[in-house]
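Read the structure below first, then the notes.
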Amino acid sequence: VQLQASGGGLAQAGGSLSLSCAASGRTSSSYGMGWFRQAPGKEREFVAAIWWSPYITYYSDSVKGRFTISRDNTKNTVYLQMNNLKPEDTAVYYCASVTRPVYSVNHAYMSRTTSYDVWGQGTQVTVSS
């Protein structure tokens, strides 16, 4: 599977942006996807994730209630709707895919970068104050 992220840009604090991550290739090999972000000088951090079956979503505490992850099965695309953006949301955002089955998926598993096998290129999100 290959991933293509898009939708980043510049927004003002309190504004909204929507990111997309389109999957191609062997999309049937994907069991779930996640969004991570990395600000300059910082480690890559978990933002949100979605597991196909059972359908479960996970969020970091820093974005819960402001960001929403969703999926369009017909387009093999995962979205990240980001509302009420804050300057601290500024980062390069990456989407990633889990391509192996997991017996018991949970927040801890989906929030680890090492759980993901395929990564898309990043898309820059900049939030001005």
Side-chain angles (χ1 to χ4, degrees):
V1 62
Q2 295 82 43
L3 305 176
Q4 179 73 38
S6 61
L10 177 64
Q12 291 187 334
S16 299
L17 284 173
S18 181
L19 304 183
S20 300
C21 181
S24 60
R26 288 191 60 193
T27 57
S28 61
S29 64
S30 176
Y31 293 85
M33 290 180 67
W35 286 97
F36 289 76
R37 65 188 181 188
Q38 188 166 18
K42 295 188 176 181
E43 292 187 353
R44 192 168 297 188
E45 66 171 0
F46 171 71
V47 175
I50 186 168
W51 191 255
W52 308 152
S53 182
Y55 187 90
I56 307 173
T57 58
Y58 304 94
Y59 298 93
S60 69
D61 289 342
S62 62
V63 307
K64 194 176 298 181
R66 300 189 298 122
F67 291 10
T68 302
I69 189 169
S70 62
R71 181 194 186 193
D72 185 333
N73 292 340
T74 64
K75 298 181 179 179
N76 290 320
T77 300
V78 170
Y79 302 96
L80 184 68
Q81 177 65 39
M82 304 183 294
N83 297 329
N84 190 21
L85 284 163
K86 303 177 180 181
E88 51 263 42
D89 294 320
T90 296
V92 176
Y93 283 69
Y94 298 89
C95 60
S97 177
V98 178
T99 60
R100 53 185 180 271
V102 177
Y103 179 72
S104 180
V105 67
N106 54 36
H107 187 283
Y109 182 85
M110 295 299 282
S111 65
R112 289 195 294 265
T113 58
T114 53
S115 299
Y116 297 81
D117 314 288
V118 179
W119 290 82
Q121 91 294 357
T123 183
Q124 176 72 46
V125 170
T126 302
V127 183
S128 62
S129 58

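Side-chain atoms are counted along with the backbone in the values below, which use heavy atoms only and exclude waters and symmetry mates.
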Atom pair CD (Gln12) and CG (Leu17), whose distance is rounded to the nearest 0.5 Å: 11.0 Å
Trp52 reachable from Val118 in the ILVMFWY side-chain graph, under 4.5 Å edges: yes
Ring centers of Tyr94, Phe36 separated by less than 6.0 Å: no
Derivation and outcome, salt bridge (Lys or Arg N to Asp or Glu O under 4.0 Å), residues Asp89 and Lys86: CA-CA 5 Å; Asp89 294 320; Lys86 303 177 180 181; over 6 Å; no
Verify same cluster id: Leu80, Val127 (apolar side-chain graph, 4.5 Å): yes
Polar side chain donor-acceptor pair, Thr126 to Thr90, under 3.5 angstrom: no
Single-linkage hydrophobic cluster, 4.5 Å side-chain cutoff, Met33 and Ile56 together: no
Side chain proximity check, Trp51 to Thr57, heavy atoms < 4.5 angstrom: no
Audit row: Ser16, Asn83, side-chain hydrogen bond (donor to acceptor under 3.5 Å, both in side chains) steps and yes/no: CA-CA 4 Å; Ser16 299; Asn83 297 329; 2.9 Å; yes
Qualifying residues under ring pair (Phe, Tyr, Trp, His ring centres under 6.0 Å), relative to Tyr58, sequence neighbours excluded: His107
Pairs satisfying ring-ring contact (aromatic ring centres under 6.0 Å, His included), at least one member in residues 59-85, at least two apart: none
Aromatic Trp119 / basic Arg44 pairing, under 6.0 angstrom, 45° off normal: yes
Linked, directly or transitively: Phe46 and Trp35 (ILVMFWY side chains, under 4.5 Å): no
Evaluation steps, side-chain hydrogen bond (donor to acceptor under 3.5 Å, both in side chains), between Ser60 and Ser62: CA-CA 5 Å; Ser60 69; Ser62 62; 3.0 Å; yes
Audit row: Ile69, Val78, side-chain contact (heavy atoms from CB on, under 4.5 Å) steps and yes/no: CA-CA 7 Å; Ile69 189 169; Val78 170; 3.7 Å; yes
Heavy atoms of other groups near Gln121 CD, more than 12 under 6.0 Å: yes
Worked verdict on Ser97 versus Ser30 for side-chain hydrogen bond (donor to acceptor under 3.5 Å, both in side chains): CA-CA 6 Å; Ser97 177; Ser30 176; 2.8 Å; yes
More than 12 heavy atoms from other groups under 6.0 Å of CZ on Arg26: no
Closest approach of Tyr109 to Ser115 (non-hydrogen atoms, all atoms of both residues): O-OG, 2.6 Å
Between CG on residue Asn106 and OG on residue Ser104, distance to nearest 0.5 Å: 5.5 Å
Least distance between heavy atoms, Leu85 atom then Arg66 atom: CA-NH1, 3.9 Å
Separation of Arg37 CZ from Met82 CE (nearest 0.5 Å): 9.0 Å
Within one Ile-Leu-Val-Met-Phe-Trp-Tyr cluster: Met110 and Val47, side-chain cutoff 4.5 Å: no
OG on Ser20 to CD on Gln4, rounded to 0.5 Å: 10.5 Å
From OG (Ser24) to CG (Leu3), nearest 0.5 Å: 7.5 Å
